[in-house]
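So the structure is just underneath, and the comments pick up after that.
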Protein chains: 2
Amino acid sequence: MSDFKAKPPVGIEPTGASKQGDSLYQLIRDDIISGRLQPNERLVVADLALRHDTSTNPVREALQLLRGEGFVVISPNRGARVRPIDQNFVRDIYEIGVLIEPALTRWFVGMATPEDIAQLEKVQAEIEENNFADPLRHSELDTRFHTIMYERHYNQHAAELWWKHREVLRAVSRRYNFTLARRAQVLREHRQLIQFIKDGEAEKAAALVAQHVEGSGRHVLEQMRAAEAARAG
Amino acid sequence: MSDFKAKPPVGIEPTGASKQGDSLYQLIRDDIISGRLQPNERLVVADLALRHDTSTNPVREALQLLRGEGFVVISPNRGARVRPIDQNFVRDIYEIGVLIEPALTRWFVGMATPEDIAQLEKVQAEIEENNFADPLRHSELDTRFHTIMYERHYNQHAAELWWKHREVLRAVSRRYNFTLARRAQVLREHRQLIQFIKDGEAEKAAALVAQHVEGSGRHVLEQMRAAEAARAG
DNA sequence: CTGGATCAGATTGTACATTATTGGACACAG
DNA sequence: CTGTGTCCAATAATGTACAATCTGATCCAG
């Protein structure tokens, strides 16, 4: 799990949880992401407290946080369950990304310094070097790539929203591989994006990002559908 | 306060709070919205528990929820405070609205039934009849108008996001009046919007909504700035 | 097979112990 | 006399233990 970590953008609203509450949040979240906790599985407060050697209040707090991020569903008097991350859920999140990310990108193009671009190229070089050999590493690098663009945006709310969604999507896509076609396209789009940023082509960059996010969403959804069909068939 | 209520869209994710937790959430939220609780005021768990005649756990739960909605800021070991809803905060939220609402609208135009349109026209008639005489009523009607358009959207996430933001903005704009210019514009845009929907002009409707939201944001921000200047001067 | 009493299991609420922060008193150096 | 730093106590957040309440399922009676 530790190699799944990615640094959040600077200045993102902290969880506001206490030490134990926060680490519990991390632990349970990792259990969900890694699949150790099944979709729809009940999350019994007392059990979790026992397992993580603490008491119930920190667990409740962590569950509330996870609910906020979309990893857990809570219903009154019936407790918490692992949210089954289904196709609708993923589609919803991607669609919001398609709306928001281009706007963040457009702003970045107007603000990018040579250092920013150097950073992007460095990360892109690492992505190309890794060339999807280590999927987790790719996921982390790709997230870093986009974080560079978004983290200094004045609209912290939008950036935070993007980050939350990103985390969920990483949790999902972790289960699948990239098709060859998609690999090529990701590299191509990143390169092209850097070029547009260099040229100050804000509109083109924004349009490209929209396409990039949309393609990414479509790709994951197709994988999910395929896996679904395989399970059923 | 009770006349400030507006019905949330159907199928919005429930808070997941228990009975007491949920009502506490409502109470504290109303106190923040109405200004009975000052910006940055500390929210002491024990006090709140006492005041609302309950114990600390439900209060903690309610505060977590309020944090999720953006009404409260929590920092570890230092407790919760009323979030000062400043201009940046409002601008951030409006900008996200400008990105999301047109997309929701576009879809609605393709799906609207004659009943939907009749509903919109009915609400619009009430808005015109009220003609901003009762600002709270206007706020509620205006919210209903947009809810009709968005609440059945397949992207429940986007709709929920919109609703949360809407609630915050209502909390803010409650403190201000509409300028005459803005009143006229709101009415004009609503009428035009209905016409576009009738004609199935999805793109035009989306563009108009973008303009509508942007104008609304600008209006509120100007009011805030004016109030700020008045305080300072 | 239906329907309601019953009961185990879990959530929710209460009381309290522990631990962290904060502001102020006080001593001391400049 | 003023500014600085340390210690301490008040205050409040956080964690623990437990009581109360709710839910869902099981198991009979009809």
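These numbers were taken from a predicted model, which means no experiment stands behind them. Here is how names work: the chains are called A, B, and so on, in the same order as the sequence lines, proteins then strands, and each is numbered from 1.
For B:Y154, the ring-ring contact (aromatic ring centres under 6.0 Å, His included) partners at least two apart in sequence or on another chain are B:W107. Applying the side chain to side chain donor-acceptor pair (under 3.5 Å) rule to A:D116 yields the partners A:T113, A:R152; only residues at least two apart in sequence or on another chain are considered. Evaluation of the side chain to side chain donor-acceptor pair (under 3.5 Å) rule for B:E214 yields B:R218 as partners, not counting sequence neighbours. B:E41 pairs by the salt bridge (charged side-chain N to carboxylate O under 4.0 Å, His left out) definition with nothing, not counting sequence neighbours. Qualifying salt bridge (charged side-chain N to carboxylate O under 4.0 Å, His left out) partners for B:D47, counting only residues two or more places apart in sequence or in other chains: none. Residues passing the side chain to side chain donor-acceptor pair (under 3.5 Å) test with B:Q124, sequence neighbours excluded: B:E128, B:H190. Residues meeting the ring-ring contact (aromatic ring centres under 6.0 Å, His included) test with A:H165, sequence neighbours left out: none.
Using a 4.0 Å heavy-atom distance criterion, B:L63 is classed as making no nucleic acid contact. Nucleic acid contact for A:L24: none, since no nucleic acid atom lies under 4.0 Å from a heavy atom of the residue.
D:dT16 atom C1' lies 10 Å from atom CD of A:Q20, rounded to whole Å. A:R78 has its CZ atom 9 Å from the C1' atom of D:dG24, to the nearest Å.
Ring planes of B:H219 and B:F178: parallel class, angle under 30° (limits at 30 and 60°).
Here the straight-line distance linking atom CZ of B:R166 with atom CG of B:L161 works out to 13.5 Å at 0.5 Å rounding.
Counting only residues at least two apart or in different chains, salt bridge (Lys or Arg N to Asp or Glu O under 4.0 Å) contacts with residues 84-111 of chain A comprise A:R106-A:E203. Residue pairs meeting the ring pair (Phe, Tyr, Trp, His ring centres under 6.0 Å) criterion with at least one member in residues 60-104 of chain A, sequence neighbours excluded, are A:F89-B:H157.
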Output a table of nitrogen or oxygen pairs between the protein and nucleotides 6-8 of chain D separated by less than 3.5 Å.
none

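Mapped onto DNA chain D by nearest heavy atom, B:R42 and A:E61 fall at different nucleotides, with B:R42 at the one closer to the 5' end.
A 4.0 Å heavy-atom criterion places the boundary nucleotides of DNA chain C facing chain A at C:dA10 to C:dG13, written 5' to 3'.
The stretch residues 46-60 of chain B touches DNA chain D through B:R60, each having a heavy atom under 4.0 angstrom from the strand.
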